[in-house]
Amino acid sequence: MSNDILQRLTETLETRKQASPESSYVARLFSKGEDAILKKIGEEATEVLLASKGGDKSHLVYETADLWFHCMVLLARHGLSADDVLSELARREGLSGIAEKESRKNNPS
């Protein structure tokens, strides 16, 4: 189910790249450029932190959804998608976090 949602959202984001900024929130974000998208991600990340500190689980889920959404907008801006992130997570699966960090230190991208 979750992959279907991510795929539909990815497709929607791609269509919004061509949409008029007056017709779509996402098109407006794309038209404003990367700094506007990054600012929004920063705001949403702060809201996730505050929701967590507040202890309201449903509010935390809501704010995390906003953060993920805006991260997907950023990925789309760079021609990437949730599949790219999922592939990276799959690559890391079963790796020790310590070993994974060491491999990045020895082989920076």
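In what follows, every heavy atom counts, from backbone to side chain, and hydrogens, waters and symmetry copies are set aside. In this text, all values refer to a predicted model and were calculated from it rather than measured experimentally.
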query = When you look at Lys17 and Glu14, which way does the salt bridge (Lys or Arg N to Asp or Glu O under 4.0 Å) test go after all the steps?
reply = CA-CA 5 Å; Lys17 285 181 179 180; Glu14 281 303 311; 3.1 Å; yes
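Remark: Glu63 CD to Ser58 OG distance equals 10.5 Å, nearest 0.5 Å. From Trp68, atom CH2 reaches atom CD1 of Ile41 across 14.0 Å, with rounding to the nearest 0.5 Å. With rounding to the nearest 0.5 angstrom, the CD atom of Glu43 is 5.5 Å from the NZ atom of Lys39. How far CG of Leu6 is from CZ of Arg8: 9.5 Å, rounded to the nearest 0.5 Å.
Other residues, nucleotides and ligands contribute at most 12 non-hydrogen atoms within 6.0 Å of the OH atom of Tyr62.
Contact detail for Phe30 and Leu13: the closest heavy-atom pair is CE1-O, 3.5 Å. Between Thr10 and Met72, the shortest heavy-atom contact is OG1-CE, 3.5 Å. In terms of heavy-atom proximity, Asp66 sits nearest to Glu44 at CB-OE1, 3.2 Å. In plain terms, the two heavy atoms of Val73 and Leu29 that are nearest each other are CG1-CD1, 4.3 Å. Nearest heavy atoms, Glu34 versus Leu74: OE2-CD1, 3.7 Å. Annotation for Val48 and Leu60: closest pair O-CD1, 3.7 Å, computed over non-hydrogen atoms.
Although no hydrogens or angles enter the test, the distance criterion places no donor-acceptor pair under 3.5 Å between the side chain of Ser52 and the main chain of Leu49.
For Glu22, the side-chain hydrogen bond (donor to acceptor under 3.5 Å, both in side chains) partners are Ser20, not counting sequence neighbours. With sequence neighbours left out, the side-chain hydrogen bond (donor to acceptor under 3.5 Å, both in side chains) criterion links Ser24 to Arg16.
One hydrophobic cluster, built from ILVMFWY side chains closer than 4.5 Å, holds both Leu89 and Leu75. Hydrophobic clustering places Leu38 together with Tyr25 (ILVMFWY residues linked when any side-chain heavy atoms are closer than 4.5 Å, directly or through intermediates). Cluster membership check: Leu9 shares its hydrophobic cluster with Val26, using side-chain heavy-atom separations under 4.5 Å among Ile, Leu, Val, Met, Phe, Trp and Tyr.
Using a 4.5 Å cut-off on side-chain heavy atoms (C-beta onward), Asp4 and Gln7 make no contact.
Considering Leu86, Val85, Leu80 in turn, Leu86 is the only one that fulfils the side-chain contact (heavy atoms from CB on, under 4.5 Å) rule with Asp83.
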